Amino acid sequence: MVTIYGKPSCAYCVMAKTLCEQKGVEYEYLTLQEDYTTEEFFEKFPTARTFPQITMDGDAIGGYTELEAKL
């Protein structure tokens, strides 16, 4: 299961969702300030500096580029 932590108006977030849909991968998309707070984001991804941040089966893998490489 892929979980995408995104934010509004994020091109790479949209690209990550589209990639999952194209590859037939089940995913959950969570939006900043709707599904999680900034504080929760940095608790989960303390070194993150970009969006989206993505987990696969609960493990942080990075962003869109890392997702693309794994799919």
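What you see below is based on every heavy atom in this structure, not just the backbone, and it leaves out hydrogens, waters and symmetry mates. Every value quoted in this text rests on a predicted model; they were computed, and no experiment measured them.
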Asks: Kindly state each residue pair satisfying ring-ring contact (aromatic ring centres under 6.0 Å, His included) with at least one member in residues 52-71, sequence neighbours excluded.
Replies: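 Sorted result for residues 52-71: Y12-Y64.
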
Asks: Could you go through the side chain to side chain contact (heavy atoms under 4.5 Å, CB included) check for K70 and M56 one step at a time?
Replies: CA-CA 9 Å; K70 289 189 177 283; M56 283 184 106; 3.6 Å; yes

Asks: Can you list everything that forms a side chain to side chain donor-acceptor pair (under 3.5 Å) with E43? Sequence neighbours excluded, please.
Replies: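 Residues passing side chain to side chain donor-acceptor pair (under 3.5 Å) with E43: none at all.
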
Asks: Let me confirm one number: the CD1-CG distance from I54 to L67, rounded to the nearest 0.5 Å.
Replies: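 So the CD1 of I54 and the CG of L67 are separated by 4.5 Å.
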
Asks: Report the residues that fulfil side chain to side chain contact (heavy atoms under 4.5 Å, CB included) with E66, sequence neighbours left out, ordered by chain and then residue number.
Replies: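 Partners of E66 by the side chain to side chain contact (heavy atoms under 4.5 Å, CB included) criterion come out as none, since no residue qualifies.
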
Asks: Let me confirm one number: the CG-CD distance from D35 to E40, rounded to the nearest 0.5 Å.
Replies: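 The CG atom of D35 sits 10.0 Å away from the CD atom of E40.
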
Asks: So which pairs with a foot in residues 52-63 pass side-chain hydrogen bond (donor to acceptor under 3.5 Å, both in side chains), sequence neighbours left out?
Replies: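 Pairs touching residues 52-63 that pass the test: none.
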
Asks: Take the angle between the ring planes of F41 and F51 and call it parallel below 30°, perpendicular above 60°, tilted in between.
Replies: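 Judged by the thresholds at 30° and 60°, the geometry between F41 and F51 is parallel.
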
Asks: Going by atom type alone, with no hydrogens or angles, which donor-acceptor pairs under 3.5 Å involve a side-chain atom of residues 13-34 and a protein atom two or more places apart or on another chain?
Replies:
from: T18; atom 1: OG1; to: V14; atom 2: O; distance (Å): 2.9
from: E21; atom 1: OE2; to: Y27; atom 2: OH; distance (Å): 2.5
from: Q33; atom 1: NE2; to: T38; atom 2: OG1; distance (Å): 2.9

